[in-house]
Each structure stands twice: as structure tokens, then as C-alpha cells.
Amino acid sequence: MLLDGLNEAQKGAVEQTEGAMLIIAGAGSGKTRTLTYKIAYLIEKGVSPFNILALTFTNKAAQEMKERITNLVGPSAMQIWMGTFHSVFSKVIRIEAQRLGYLSNFTIYDTNDSKNLLKAIIKDFSLDDKIYNKSFVQNRISAAKNNLISPVAYKQNVQLMQEDESCGKKYLSDIYIEYNLRLRRAMAMDFDDLLFNMNVLLRDNPDLLLKYQEKFQYVLVDEYQDTNYSQYYIIKKLSARFKNICVVGDDSQSIYAFRGANIQNILNFQRDYKDAKVFKLEQNYRSTQNIVNAANSLIEKNVGKIKKNVWTSNVQGDKITYQELSSDKEEASYISGQILKRISYQGVKHSDFAILYRTNQQSRAIEESLRFQNIPYRIFSGLSFYDRKEIKDLLAYFRLVVNNYDDEAFIRVINFPARGIGETSIGKLRIFASENNISLFASAQRAKEMSSDLRCANKIEDFVTMIKTFSLNLQQEDAFTLGSQILAGSHIIKFWKEDEDPGSDNKIENIEELMNALQAFVDSEEDAILDELTGEEISLKNKTLDVFLQQVSLMSETDRQEEGNEDTVSLMTIHAAKGLEFPYVFVAGMEENLFPSVLSLGSRDDLEEERRLLYVAMTRAEKELFLTCAQARYRNGQMNFNDPSRFIDEIDSQYLNGAIAKQDSIKPYKQEETFKPKPHLTKLNSSLPNPIGGTPVKDLGSFALGMRVFHDKFGSGVIKELEGKGDDTKALVVFDNAGEKKLVLRFAKLKKQE
DNA sequence: AGGTACTTATAGAGT
DNA sequence: ATAAGTACCT
């Protein structure tokens with residue numbers, strides 16, 4: 001019988017098929033399993049896979065779930081629409097593009113493209129790019145889009161306009177307007193547009209609303225705690241007709257507020273859907289009692305959350321190890337030492353270990369140590385394959401061929417490899433383009449009629465002709481064939497072969513890897529879900545370059561990873577570790593200002609998110625968990641000193657080994673309650689005074705040569721030299737017991753003695 | 001126009 | 001520490 005392997009709570013959640021329901025799934029409680037069986041159960045009950053929509057957090061998760069369901073109910077499972085919000089709805093938008101005034105070969109701009117575009121606009125508006133920092137502007141626009149605030153609505157919103165004005169950015173709304181205009185001119189959408197425009201489609205086209213409501217009779221959403229308002233609204237509308245909406249999540253694992261996720265979506269679900277049934281999965285099958293209890297004791301410190309009692313009947317296990325080390329280097333070698341010890345004496349595999357950290361830059365020291373010890377490792381995320389220059393260049397050629405209006409792609413390749421079209425000429429094209437409100441490519445096509453003479457008009461014409469020739473073949477050739485022609489026509493390989501730099505061989509290998517991916521895409525089986533739509537839809541099943549590009553733009557680094565058969569240690573950020581589990585887990589960098597991040601200290605909501613992040617990290621571990629802290633760490637080229645993370649104190653010490661009671665270090669975190677209220681748009685107030693580096697600058701001028709000072713770690717000593725001034729003052733201190741140290745006063749927290 | 005040398009911004013998680 | 005931007009030279 002299908003449901004025999006499930007516990008009572010899981011079974012209940014599976015058997016409730018109709019109506020609205022919320023499944024609160026604690027860490028390690030078999031959530032994926034439950035969801036898998038639930039979908040299989042629906043199909044077995046006679047629901048057509050065509051009528052099921054399942055939204056997951058990564059494409060990889062979707063793929064794995066599909067495979068499992070296929071194992072349970074057979075190949076019809078391949079017909080389920082399953083994937084991330086972005087990938088599923090980008091397909092819908094592709095199909096219905098005309099309703100939005102787009103063609104289906106529109107480009108998806110990634111964050112980088114967005115920022116470049118914003119930079120150009122800020123420059124064109126003659127605004128100060130320090131005040132109008134492109135990352136800030138991008139965040140603000142993204143937040144607006146995620147809250148379904150259009151440029152016009154933004155301008156009419158008194159509160160938003162006042163916020164902008166009060167921080168000296170009154171033209172932000174104008175930038176937003178221009179940004180959207182230029183996106184449209186480039187026939188491009190950014191990530192947020194995919195969701196925003198899906199909402200527009202459903203709002204403005206009653207026939208389409210009905211069509212997709214009829215199609216998606218059963219809507220299931222995984223990781224519901226990490227959905228934003230735009231996503232919330234899409235599924236609300238889609239499920240309004242049949243009212244079969246099942247959301248699964250854990251409010252304690254909500255870690256994407258920075259990206260617009262709204263934890264209220266899950267907290268308010270019952271208010272929103274009055275008849276909603278609630279199921280709680282509370283038994284943890286993953287971790288030892290010590291790990292579960294320790295994680296519980298931490299997350300208890302959060303105020304806003306749904307009551308639940310996560311427990312386990314697993315063995316008690318070892319206590320969690322907390323280890324302070326003197327530096328990031330020591331921390332790294334401690335970790336590799338612990339790994340080596342377990343591998344040589346206990347026959348544990350490399351792949352049983354994960355090293356998790358808050359920020360990507362922490363991987364460096366750890367990598368060095370692992371390499372030194374010959375421990376095989378694999379780093380997830382970091383500089384993604386698709387972020388590499390050589391890959392982006394070639395993809396830009398592809399993009400321009402697929403969509404001639406794609407201005408960001410045009411800028412990237414018009415003179416790469418160098419073909420004698422310089423800044424001056426490109427500037428003239430830009431002006432012509434904005435005067436006539438056309439794309440750069442269209443301007444290039446009309447180079448001859450431009451008033452100012454273009455000395456390189458012939459070269460531009462050659463380039464245009466080349467791209468156009470490829471474009472003509474877009475629907476005739478498969479992605480690999482056309483891609484190879486473009487690669488040859490671009491002379492990119494020739495460029496890297498002639499390049500002296502030793503890194504260029506690797507670049508060529510990467511390009512070859514991309515070509516392999518193209519070949520694999522062409523050879524792959526047709527995606528059955530694309531076959532299913534009938535009527536006026538364009539064909540999505542061709543293995544052409546445009547389809548490849550759309551797939552690739554929404555692929556994350558974790559989606560890309562092959563099923564790793566290699567036996568390696570995994571290194572990744574905690575965010576990337578969401579949903580994974582490992583027998584042995586190290587969480588590195590348990591320090592104030594790093595974890596919790598210095599940027600989170602300004603609000604309780606942000607701090608609670610950091611706490612949930614640690615909760616996620618801890619609950620990845622099955623058998624053994626290590627938390628490490630480095631007293632000194634290189635950051636931004638400078639040595640940095642931080643206290644151990646406040647979170648260490650928050651974990652009940654009975655589950656912890658190695659915690660050192662701090663005698664006299666003062667921890668001023670009791671001020672939690674004094675945080676200022678947040679405006680309703682997440683992150684929209686992050687422009688408020690927030691000094692880079694975070695630590696308030698104290699009176700650094702009060703130290704003098706020969707003065708006796710005290711340092712928390714190094715003890716007493718005498719200042720031998722002082723150099724630099726202001727923020728950068730450094731002191732050479734001769735410590736009584738710790739030798740000479742050069743300290744940055746801003747970080748070192750030196751105290752005067754006597 | 002293209003390349004090199006110096007300057008300066010940026011260092012939070014990622015679809 | 002590093003990437004990206006600018007100034008200047010060939």
C-alpha cells in the first residue's frame with residue numbers, strides 16, 4: 001500500500017487532498033517524502049498530472065521529486081508542472097508573451113544585467129552614483145516589484161516617495177520608470193518581472209485566468225516560508241477557483257527575507273484561508289537528540305513563530321562541539337584535522353562532511369587547508385560557472401542572436417574580441433538609440449544614416465550582418481549547431497588562444513564545457529510538460545538556442561551540479577545548504593559581526609533571520625555538529641578581531657561541549673527591544689546611516705606611544721608604534737605574554753590601563 | 001583604438 | 001584582496 005511507510009501525521013497530510021491546507025514541517029521531519037507521496041496519492045486517486053502545479057525552491061528539487069513520483073506511479077508524473085516559481089511562470093509568460101506586448105524570445109536579465117542597465121541610466125540622468133548606488137537602487141526596485149508596485153504606483157505612493165526624498169534620492173522613481181522602459185526596449189525582463197508579469201497576465205486577461213485556473217486544479221507550494229508577496233498573489237489567484245491549495249514549510253527556516261520573502265505569508269495562512277486544515281510534522285528523523293535539542297533551545301529565542309514541538313527518537317548522540325581558535329587559518333586546520341581523524345580511524349567517507357559558512361569569502365582559508373591536507377572537496381556556489389567572463393561573453397552572443405534588441409548583450413560583445421569599434425562609436429550609437437527610442441542593434445543597423453559620421457561604420461555593418469545571419473537560422477538549426485557556428489563566427493577561441501595569460505587554457509575548457517551542455521540539451525529527451533499545451537501555444541519543444549537560453553538563465557549553481565558520485569567534502573553557504581543533510585557538519589565563523597552579520601544588528605527582524613539561519617545550519621547535521629569561532633580573521637585584506645557569536649550563549653549549554661563561560665566580556669545585546677519600526681517594504685530603509693564596517697568608531701585619538709593597554713585576547717602590553725589616522729590607525733603593541741602584534745584600533749577594542 | 005598603470009569602490013545570502 | 005574604472009601613453 002502506498003502510504004505504509006508514513007507516520008500518522010504524514011499520512012494525515014497526504015490523505016487530505018481537497019481544500020486549503022498548511023503543512024508545518026519541522027527540520028528533518030520527512031517533508032519532501034510527504035509531499036512526494038501526496039502528489040503520488042493524488043494521481044492514484046485519479047487526478048490528472050496535467051492538473052497539478054507543484055512549486056519548489058530549486059529546479060533540482062523539482063527534478064528529484066519528479067523522479068521519486070515516477071517511481072511510485074509511473075511515467076505520467078513527468079506531465080506535472082513542477083519547478084521554481086521563476087521557471088514555471090517564465091514558461092507561461094513565454095507562451096502568452098504577446099498579451100504582455102513581448103515576443104516569446106524575450107531575454108531574462110540577471111542581476112548583473114540589471115545593475116549595468118541602472119548604472120547607465122544613473123549616468124544618463126547625470127546623478128551622483130555614490131548617492132544612487134546601483135546595488136541600492138536595484139534592491140529598492142526589486143522590493144517594489146516583489147510587492148507589486150509598478151513605477152506609476154511607486155510615484156503615487158506618498159510614503160515611498162518621502163522615504164526616498166528623506167535620504168536624498170528623490171529621483172529613484174524616475175530611475176524606476178526609465179529602467180522599465182529600457183527593459184521593454186531591450187525586450188527583456190528581470191527576475192522580478194517574471195513574477196510581476198505573471199500577475200499582470202492573470203489580472204488583465206480573464207480568459208487566461210480561467211484557463212490556468214482550470215489547468216492548475218491542485219496547487220502545491222514547497223518552502224512556503226520563503227515566498228514573497230508577488231508569489232503569494234499568483235498562487236492565491238490560481239487556486240481561487242478550485243481552492244485546492246497546499247502549502248508546506250517551516251517558519252523557523254525562513255531565511256530569504258533579504259530577497260523579499262515575507263514570513264507573514266506562512267504565519268497568516270490560517271487567517272487568509274479560513275477553512276484551512278493544519279498538519280504539523282514534528283518528529284525529526286535526521287538528527288541526534290543533542291542536535292535537535294540544541295537547535296530548539298536556540299530558535300526559542302525568536303519571538304514571532306508558529307508553535308511546534310520538534311522531537312526525535314534517535315540516539316542521544318555526542319554533544320555539540322564548540323571550539324574557539326586563534327585565527328581563520330587555525331580554524332581551517334582544526335576542521336581539516338577533525339575530518340582526517342574521522343576518515344582514518346572510523347572509516348567515514350569524505351562526502352559525509354559538510355563545512356558551512358555565512359559568507360562565501362570564508363571558503364578561501366578552508367580551501368587552502370583542505371588542499372594542504374589533500375582532502376578532496378567540492379565548493380558549491382561561489383563564482384558560478386555562468387558568472388565567468390568567458391561564459392558570459394559567449395552567452396551574450398547567443399542572447400543577441402536570439403533577441404537582437406538585447407542591449408546588455410550588445411554592449412558586451414560589440415567590441416569583444418576587439419574589432420575596432422571603440423567607446424566613441426558606441427557612445428554615438430547610444431545617443432542615436434535613445435533619441436529614436438530604439439535598441440542599440442537597431443541603431444547599428446542604421447549606422448549609415450546617423451548624422452555624426454562613424455568612422456567604423458563598415459565594421460559595425462559587418463557585425464550586424466553576422467548576427468542577423470545567425471538569427472535567420474534560429475528556428476532552423478538546433479542549439480548546438482547554431483551555437484557552434486556562432487562560436488566560430490565570434491573568434492572568441494582565437495582570442496583566448498592568442499592570449500598569453502596562463503588562465504586562458506582554462507577559459508577555453510570552460511567554453512568547451514558550455515558547448516557540451518548545449519549538446520546535452522539537444523540530446524535530452526523532450527520535456528513532456530511542454531508537449532501538453534494545446535491550441536494557440538507556440539512550440540516549446542524544439543531544441544533551439546532560445547529555449548536553451550531561457551532554461552540556463554534560471555539555473556542556479558546547485559541545479560547545475562551533476563549527481564556527484566565523487567567522494568568529496570562539501571563546502572557551501574548556509575543558504576545553499578537549505579534542504580540538505582550530512583552526517584558531520586561544521587559551521588565556521590561563529591563570530592559577532594560575521595554571524596550574526598553586522599548588517600543585521602540594526603533590527604530585530606534581521607537578527608531573528610540570522611538566528612533562523614543558524615537553526616537551518618545546525619539542523620543539517622545527522623550525527624555530529626561542530627561550531628567554530630576564530631578570534632582573528634582576515635577580511636578585506638585586514639586582520640579583524642571579533643567576539644564569539646552571541647548565538648553560542650543562546651544554545652543551552654547542557655548540549656554543548658567546549659563553551660567557555662565568558663567572565664568579563666560585556667555583551668550589549670540586551671537592547672534588542674529598542675529597534676526602530678520597519679516600513680512595509682522590506683529593505684527599503686537600508687540607506688539609513690549604516691557605516692561601512694559597522695563598528696562604531698570610538699575615540700581613536702586617545703592612544704599614545706608608551707601607553708599601557710589591555711586586549712581581550714592578548715592581555716596587557718605597551719604601545720610601541722602608532723601609524724595612520726582616523727579609522728585606519730594601527731598600533732604596534734608589545735604584549736607581555738603574546739609578543740608583538742599590529743592591531744587596527746577600530747577593531748581591536750584596546751582598553752587603556754590605569 | 002587598444003593596452004597598461006594607477007585609483008577607487010566593494011567587500012550579505014541567490015532566483 | 002579583488003574587480004572594476006580612469007588616465008594616460010603608443
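As a basis for the values below, the full set of heavy atoms in this structure was taken, side chains included, without hydrogen atoms, waters or symmetry mates. Chain naming here is simple, since letters A, B, ... match the order of the sequence lines and numbering starts at 1 in each.
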Classify the ring geometry of A:Phe57 against A:Tyr256: parallel below 30°, tilted from 30° to 60°, perpendicular beyond 60°. tilted
With respect to the side chain of A:Lys130, which nucleotide from B:dG12, B:dT15, B:dA9 is positioned closest? B:dA9
Of all the choices, B:dG14, C:dT2, B:dG12, which nucleotide is nearest to the side chain of A:Gln361 once you look at every atom? B:dG12
So, does A:Lys578 get its side chain near the phosphate of B:dA13, meaning an N or O under 4.0 Å from OP1 or OP2? no
Sugar-phosphate only, base, or nothing, as touched by A:Tyr256 at under 4.0 Å among non-hydrogen atoms: sugar-phosphate
Examine B:dG12: is either OP1 or OP2 under 4.0 Å from a nitrogen or oxygen in the side chain of A:Asn360? Give yes or no. no
Whole angstrom value for the distance that separates C1' of B:dT10 from NZ of A:Lys119: 13 Å
Check whether any side-chain heavy atom of A:Val221 sits under 4.5 Å from a side-chain heavy atom of A:Thr227, and report yes or no. yes
A:Phe258 over B:dG12, stacked by centroid distance under 5.5 Å, angle under 30°: no
With a non-hydrogen cut-off below 4.0 angstrom, is A:Asn133 in contact with a base, only sugar-phosphate, or nothing? sugar-phosphate
When rounded to the nearest 0.5 angstrom, what distance separates OG in A:Ser252 from CZ in A:Arg612? 8.0 Å
Just how far, in rounded Å, is C1' of C:dA3 from NZ of A:Lys134? 10 Å
Assign A:Glu223 to base, sugar-phosphate, or nothing according to its heavy-atom contacts below 4.0 angstrom with the strands shown. nothing
Nucleotide nearest A:Arg358 when distance is taken to its side chain, options B:dT10, B:dA13, B:dG2: B:dA13
Whole angstroms only, please: what is the CZ-C1' distance between A:Phe380 and B:dT15? 18 Å
Look at the side chain of A:Ala418 and decide which nucleotide, out of B:dG12, B:dA13, B:dG2, has an atom nearest to it. B:dG2
Send over the distance from A:Ile93 CD1 to B:dT15 C1', rounded to a whole Å. 13 Å
For salt bridge (charged side-chain N to carboxylate O under 4.0 Å, His left out), just list the numbers for A:Asp407 and A:Arg399, CA-CA rounded to whole Å, side-chain angles, deciding distance to a tenth of an Å, and then say yes or no. CA-CA 10 Å; A:Asp407 280 358; A:Arg399 279 166 53 173; over 6 Å; no
Quick note, A:Asn415 side chain, CB onward, closest among B:dG2, B:dA9, B:dG12 is B:dG2
Nearest to the side chain of A:Phe191, which nucleotide is it out of B:dT15, C:dA1, B:dA13? B:dT15
Give a yes/no verdict on a cation-pi contact between A:Lys329 and A:Tyr634, requiring under 6.0 Å between NZ or CZ and the six-membered ring centre and an angle within 45° of the axis. no
C1' atoms of B:dA13 and C:dA4, separation to the nearest Å: 23 Å
To the nearest Å, give me how far apart CG (A:Asn228) and P (B:dA13) are. 19 Å
Which of the following nucleotides, C:dG5, B:dG12, B:dA9, is nearest to the side chain of A:Thr359? B:dG12
Interatomic distance where CZ belongs to A:Arg611 and C1' belongs to B:dG12 [whole Å]: 18 Å
Please round to the nearest 0.5 Å and tell me the distance separating atom NZ of A:Lys31 and atom CD of A:Gln253. 6.5 Å
Using the six-membered ring wherever Trp is involved, compare the ring planes of A:Trp496 and A:Phe416 and label them parallel, tilted or perpendicular (cut-offs 30° and 60°). tilted
NA contact type, A:Ser553, heavy-atom cut-off 4.0 Å: base, sugar-phosphate, or nothing? nothing
C:dT2, B:dA13, B:dA11: which one has an atom nearest the side-chain heavy atoms of A:Thr573? B:dA13
A:Asp113 CG to B:dG14 P: how many Å, rounded? 18 Å
Between the side-chain atoms of A:Thr111 and the base atoms of B:dT15, is any donor-acceptor pair under 3.5 Å? yes
Using only side-chain N and O atoms of A:Arg419, determine if any of them is under 4.0 Å from OP1 or OP2 of B:dG2. no
Per atom distances to the A:His575 side chain, the nearest of B:dA13, B:dG12, B:dT15 is B:dA13
From CG of A:Leu613 over to P of B:dG14, roughly how many Å is that when rounded to an integer? 10 Å
Does OP1 or OP2 of B:dA1 have a side-chain N or O of A:Thr424 closer than 4.0 Å? yes
Return whichever of A:Arg635 or A:Lys459 has its heavy-atom-nearest nucleotide of DNA chain B closer to the 5' end. A:Lys459
Comparing A:Glu423 and A:Phe85 on DNA chain B - which has the more 5′ nearest nucleotide: A:Glu423
